[in-house]
2 protein chains.
Amino acid sequence: MIADPAAHREIPDATVARLPQYLRALSDLAERGVASVSSEELATAAGVRSAKLRRDLSHLGSYGVRGVGYGVEMLAHEISRELGLTQEWPVAIVGLGNLGQALAAYLGFATRGFQVVALLDRDPEVVGREIAGMIVGSVDDLERIVIERGVAIGVIATPAASAQQVCDRFVAVGVGSVLNFAPCVLSVPQGVDVRKVDLSTELQILAFYEQRKTPADQERVPLLEVAP
Amino acid sequence: MIADPAAHREIPDATVARLPQYLRALSDLAERGVASVSSEELATAAGVRSAKLRRDLSHLGSYGVRGVGYGVEMLAHEISRELGLTQEWPVAIVGLGNLGQALAAYLGFATRGFQVVALLDRDPEVVGREIAGMIVGSVDDLERIVIERGVAIGVIATPAASAQQVCDRFVAVGVGSVLNFAPCVLSVPQGVDVRKVDLSTELQILAFYEQRKTPADQERVPLLEVAP
DNA sequence: TACTGTGAAGCTATTCACAGCG
DNA sequence: CGCTGTGAATAGCTTCACAGTA
């Protein structure tokens, strides 16, 4: 009986969410020819505290050397493996408005580990056009295309009104991970993961803190100080 | 006599990050003419548990009615106020590649509380073009434009190599909040807030969980054979 | 010596469960 | 009664501080 060292490790969600940052910092270091890095240096490059970095990495195993630091290439490889980037994940993008086109262009050449295998839209004006080197298909063929091309991750860049329907169709044919850019909540069965990216949410969060920062005398337009 | 309920309350970061979701759910309800909503219903609409919703709202004050629920319009207004959306925040977008253009178009008409007052790019081919009804200016004029137009929030959609420099220039002329779409860590002085949106980070997180779901050596295969 | 990996402490967030009120 | 608001319990995350080690 052989125990896989990673098999029974539970990696905390908060740690998983930071692994990509560490990986990017390590890639930058590797490009600059750095062979070894301390937790202090890597933490700075990734924008976290060194104690947090060490705790995070300890969940993956003991890949550091006491008194020295971490091997850049080796640690990058371990994190890549942990994140599942040693394989190529087939991705489909649905909705090729402004945002969908930008995502298609970005994913087309800027990311390892992912391959865009389908672009789908509902608008007949858009279907058939070439975007980022790929022909846009009809969303009517979603099920067939997802199955044929083994899509694992679905990206939704449609208007909010269509997002749940597209999501349901993804889920029905076995897509287990969805990245949602539509400004709405998606409901999915247990076992399916959804992550949401939302520009206006981010701006609103910034506005909250900006408001707290702005001294009272600098306050801008008071829209609603009307006496009843 | 009633003391200002929000004046000295510390609202937890996790709560702030969810307020936009609640606001969106409330806006949807208001559009459908719903006047009152229970924590259970609103929580479902926002994709959280009702206990969490009630705890979150309790940080804003007591805006519910026991035995009844929350007034939709009233709660929406309170959250808007708390988020600082009763004023318009002037936003500048730097970098008008695919993504920057998509952001400009989105912000141009899809969001209340924010007004795009400047689009800036470095490329002379792009400067002078009209995007989403606004003429692109030169990034050389960043300082002047930020000051003249009172920019409070800077959006960075440049390549990673330019992002820190643009950020520094924003900060130097008083921009206190930055939304960063470039795949890199920005360092800023204390008191400046940065939020990051990163497509490949999100995909990598999904890949991690997707990999965990797919049993070890089980290759990803179509769920259904292709029908003849 | 200079660093990692980690027990323990402290802090933040979530959830339970029900008192309290309309 | 039905629902909110919250004390208390729990779970999860971060930080400290240092034992342990190449």
Side-chain angles (χ1 to χ4, degrees), chain A residues 5-6 8-22 25-26 29 34-76 78-79 82 205 208-209, chain B residues 2-3 5-6 8-22 25-26 29 34-76 78-79 82 205 208-209:
Chain A
H8 53 84
R9 275 173 215 277
E10 268 308 297
I11 301 184
D13 292 350
T15 295
V16 172
R18 283 186 294 266
L19 292 180
Q21 302 172 234
Y22 302 155
L26 286 164
L29 289 168
V34 178
S36 177
V37 69
S38 70
S39 65
E40 202 67 59
E41 293 164 330
L42 183 54
T44 300
V48 301
R49 299 272 180 193
S50 64
K52 189 188 270 189
L53 174 77
R54 289 199 302 277
R55 174 74 71 194
D56 283 342
L57 295 183
S58 77
H59 293 295
L60 308 186
S62 278
Y63 296 120
V65 181
R66 287 165 198 251
V68 179
Y70 300 90
V72 171
E73 293 281 2
M74 193 255 214
L75 185 55
E78 288 304 328
I79 293 177
E82 199 63 59
I205 295 168
F208 173 87
Y209 293 107
Chain B
I2 301 165
H8 52 83
R9 274 171 215 275
E10 268 309 296
I11 302 185
D13 291 350
T15 294
V16 172
R18 283 186 293 266
L19 292 181
Q21 303 173 234
Y22 301 154
L26 286 165
L29 290 168
V34 178
S36 176
V37 69
S38 70
S39 64
E40 201 67 60
E41 293 164 329
L42 183 55
T44 300
V48 302
R49 297 273 179 191
S50 64
K52 189 188 271 187
L53 173 78
R54 289 199 302 277
R55 173 74 72 196
D56 283 342
L57 295 184
S58 77
H59 293 295
L60 308 187
S62 279
Y63 297 120
V65 180
R66 288 167 199 250
V68 178
Y70 300 90
V72 170
E73 295 281 2
M74 193 256 215
L75 185 54
E78 288 304 328
I79 293 177
E82 199 64 59
I205 295 168
F208 174 87
Y209 293 106

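The figures that follow rest on heavy atoms only: side chains count, while hydrogens, waters and symmetry mates do not. By convention in this document, chain letters (A, B, ...) are assigned in the order of the sequence lines, proteins followed by strands, and residues within each chain are numbered from 1. Model, not experiment: these values are computed from the prediction.
- The nearest whole Å value for the distance from the CG atom in Leu42(B) to the C1' atom in dT4(D) is 13 Å.
- Heavy atoms only, all atoms of each residue included: Val68(A) and Ser36(A) are closest at CG1-OG, 3.8 Å.
- For the pair His59(B) and Glu10(B), the tightest heavy-atom approach, listed with the atom from each and the gap, is ND1-O, 4.4 Å.
- Listed nucleotides dC3(D), dT14(C), dT14(D) differ in distance to Arg18(B); the shortest reach to its side chain belongs to dT14(C).
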Whether each nucleotide of nucleotides 15-22 of chain D has a protein heavy atom under 4.0 Å at its base (B), only at its sugar-phosphate (S) or at neither (-) is summarised, 5' to 3', as B-B-BBBB
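- Between Ile205(B) and Pro20(A), the closest heavy-atom pair is CG1-CG, 4.2 Å.
- Where Ser38(B) and Pro12(A) each meet DNA chain D at their nearest nucleotide, the meeting point lying more 5' is that of Ser38(B).
- As a whole-Å value, the separation of Ile11(A) CD1 from dG12(D) P is 16 Å.
- The closest side-chain heavy-atom distance from Tyr209(A) to Asp13(B) is below 4.5 Å.
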How far apart are the C-alpha atoms of Leu42(A) and Val72(A), what are their side-chain angles, what is the distance that settles it, and do they pass the side chain to side chain contact (heavy atoms under 4.5 Å, CB included) test? CA-CA 10 Å; Leu42(A) 183 54; Val72(A) 171; over 6 Å; no
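- Taking atom CD of Glu40(A) as the reference point, atom C1' of dT1(C) lies 17 Å away to the nearest angstrom.
- Remark: C1' of dC21(C) and OH of Tyr63(B) are 19 Å apart, rounded to the nearest angstrom.
- In this structure, Asp13(B) places its CG atom 16 Å from P of dC11(C), rounding to the nearest Å.
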Please test Leu75(B) against Tyr22(B) for side chain to side chain contact (heavy atoms under 4.5 Å, CB included), starting from the C-alpha separation and ending with a verdict. CA-CA 9 Å; Leu75(B) 185 54; Tyr22(B) 301 154; over 6 Å; no
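- Dashed line: the shortest gap from a side-chain N or O of Tyr70(A) to OP1 or OP2 of dG5(C) is under 4.0 Å.
- When rounded to the nearest whole Å, the span between CG of Leu53(B) and P of dT4(D) equals 8 Å.
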DNA chain C in dot-bracket form (Watson-Crick or G-U pairs under 3.5 Å, [ ] crossing, | inter-strand) is ||||||||||||||||||||||
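- In this structure, the CG atom of Leu75(A) is 12 Å from the C1' atom of dT4(C), given to the nearest Å.
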Side chain to side chain contact (heavy atoms under 4.5 Å, CB included) between Leu60(A) and Thr15(A): does it pass, once the steps are laid out?
-> CA-CA 10 Å; Leu60(A) 308 186; Thr15(A) 295; 5.5 Å; no
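- Between Ser39(A) and Arg54(A) the shortest heavy-atom distance is OG-NH1, 3.1 Å.
- No side-chain heavy atom of Glu41(B) sits less than 4.5 Å from a side-chain heavy atom of Tyr70(B).
- The phosphate of dG5(C) has OP1 or OP2 within less than 4.0 Å of a side-chain N or O from Ser62(A).
- Between the NE2 atom of His59(A) and the P atom of dT4(C) there is a distance of 16 Å, rounded to whole Å.
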